[in-house]
**Q** 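Submitted below is the structure of interest, expressed as structure tokens.
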Amino acid sequence: VQLQASGGGLVQAGGTMRLSCKASGDTFNIYTTGWFRQVPGKEREFVAAIGRGTGTITAVTFYADSVKGRSTVSTDGAENTVNLQMNGLKPGDTAVYYCAASSTHWGDLRRTKDYDYWGRGTQVTVSS
């Protein structure tokens, strides 16, 4: 599985960003896609995740408390893409954002070790 994150850039505080993570390869076995972020000198932290829905199971989303209520993670199954939209951006949201995929676990995965595949990060900078 290969993951390609895109959509980062410079955004003003209070604005909105939309990141996309496109998966390729053996995407059928991706159960959960997550978003993490990292700033220099700190550990990579969980932002949001979506557990894939199937014909009878609805996709389920999970959010870190720091972004809950102002973020939406969604999937475009036809495009094998997971999107993260975050509103009301704050300077504290400045980070490199990474998407990750798990082919072994489904659900509320908040640890980096729960994920099997990682994309290259995309920088998001929020100016005050």
Side-chain angles (χ1 to χ4, degrees):
V1 173
Q2 295 79 45
L3 304 173
Q4 179 65 50
S6 61
L10 178 64
V11 186
Q12 286 198 337
T16 296
M17 75 168 185
R18 183 178 174 88
L19 304 180
S20 294
C21 177
K22 184 172 178 61
S24 59
D26 189 13
T27 60
F28 181 80
N29 288 321
I30 294 176
Y31 298 143
T32 302
T33 302
W35 285 96
F36 288 74
R37 64 187 183 187
Q38 188 171 24
V39 297
K42 292 190 176 182
E43 293 187 354
R44 198 167 293 187
E45 68 169 357
F46 171 77
V47 176
I50 183 166
R52 191 186 74 184
T54 65
T56 57
I57 300 174
T58 302
V60 181
T61 56
F62 309 92
Y63 299 95
D65 288 343
S66 59
V67 304
K68 189 180 295 183
R70 60 188 183 98
S71 298
T72 302
V73 60
S74 60
T75 183
D76 180 346
E79 297 295 329
N80 290 319
T81 299
V82 172
N83 302 306
L84 174 68
Q85 178 167 316
M86 193 178 297
N87 306 316
L89 287 170
K90 309 171 185 178
D93 294 317
T94 295
V96 177
Y97 284 72
Y98 298 88
C99 63
S102 175
S103 61
T104 51
H105 298 87
W106 184 98
D108 192 3
L109 308 181
R110 299 177 183 244
R111 303 175 301 179
T112 56
K113 66 180 182 179
D114 291 329
Y115 292 85
D116 306 296
Y117 307 98
W118 290 84
R120 299 179 69 174
T122 183
Q123 176 72 46
V124 174
T125 301
V126 182
S127 63
S128 57

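Keep in mind that this is a model prediction, so the values were computed, not measured.
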**Q** Does one hydrophobic cluster hold both Val47 and Phe62, with members joined at side-chain heavy-atom distances below 4.5 Å?
**A**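 Result: no, two separate clusters.
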**Q** Rounded to the nearest 0.5 Å, what separates atom SG in Cys99 from atom CZ in Arg120?
**A** 12.5 Å
**Q** Taking all heavy atoms of Thr33 and all of Ile30, pick out the closest pair and write down the distance.
**A** OG1-CG2, 3.6 Å
**Q** Can you tell me how far CG of Asn87 sits from CZ of Arg70, rounded to the nearest 0.5 angstrom?
**A**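 Rounded to the nearest 0.5 Å, the CZ-CG separation comes to 8.5 Å.
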**Q** CG/Asp26 to CD/Gln2 distance, rounded to the nearest 0.5 angstrom?
**A**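 Going from CG on Asp26 over to CD on Gln2, the span is 9.5 Å.
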**Q** Heavy atoms only: give me the nearest Ser128-Ala13 pair and the separation to one decimal.
**A**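 It is CA-CB, 4.2 Å.
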**Q** Out of curiosity, does Val73 fall in the hydrophobic cluster containing Val60 (side-chain heavy atoms, cut-off under 4.5 Å, transitive links)?
**A**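 No, it is not one cluster - the side chains of Val60 and Val73 are not joined through contacts under 4.5 Å.
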**Q** Shortest non-hydrogen contact from Ser20 to Asn83?
**A** OG-OD1, 2.8 Å
**Q** Might you point out which heavy atoms bring Gln38 and Lys42 nearest each other, and give the distance in Å?
**A** NE2-O, 3.1 Å
**Q** For the residue pair Leu19 and Val124, establish whether any side-chain heavy-atom pair is separated by less than 4.5 Å.
**A**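 Yes, side chains in contact.
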**Q** Hey, are Asp93 and Lys90 close enough for a salt bridge, meaning a charged N less than 4.0 Å from a carboxylate O?
**A** no
**Q** Is the closest side-chain heavy-atom distance between Asp116 and Val1 below 4.5 Å?
**A**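 Sidechains of Val1 and Asp116: no contact.
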**Q** Is there a side chain to side chain donor-acceptor pair (under 3.5 Å) between Asp114 and Ser102 once you walk through the steps?
**A** CA-CA 7 Å; Asp114 291 329; Ser102 175; over 6 Å; no
**Q** Measure the shortest side-chain to side-chain distance between Leu3 and Tyr98 over non-hydrogen atoms and say whether it is less than 4.5 angstrom.
**A**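 Answer no - side chains too far apart.
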**Q** For Thr32 and Gly107, which heavy atoms make the closest approach, and how far apart are they?
**A** OG1-N, 3.0 Å
**Q** Can you measure from NZ (Lys113) to NE2 (His105) and round to the nearest 0.5 angstrom?
**A**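 Separation between the atoms: 10.0 Å.
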**Q** Show the nearest heavy-atom pair for residues Thr94 and Val39, with the distance to one decimal.
**A** O-CG1, 3.1 Å
**Q** Can Ile50 be reached from Tyr117 by stepping across I, L, V, M, F, W or Y side chains whose heavy atoms are under 4.5 Å apart?
**A** no
**Q** Between Arg37 and Tyr97, do the side chains contain an N or O donor and an N or O acceptor separated by less than 3.5 Å?
**A**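 Present: a donor and an acceptor within the cut-off.
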**Q** Applying a strict under-4.5 Å side-chain criterion to I, L, V, M, F, W and Y, I'd like to know whether Met86 and Val96 cluster together.
**A** no
**Q** When clusters are formed by joining ILVMFWY residues with side-chain heavy atoms under 4.5 Å apart, either directly or through shared neighbours, do Leu84 and Leu89 land in the same one?
**A** yes
**Q** Knowing that exactly one of Tyr63, Trp35, Phe36 qualifies, which makes a ring-ring contact (aromatic ring centres under 6.0 Å, His included) with Phe46?
**A**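 Between Phe46 and the candidates, ring-ring contact (aromatic ring centres under 6.0 Å, His included) is satisfied uniquely by Phe36.
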**Q** To the closest 0.5 Å, what do you measure between CZ (Arg52) and CG (Asn29)?
**A**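 That separation rounds to 7.5 Å.
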**Q** How many angstroms lie between atom CG of Asn80 and atom CD of Gln4, to the nearest 0.5 angstrom?
**A**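 The distance works out to 14.0 Å.
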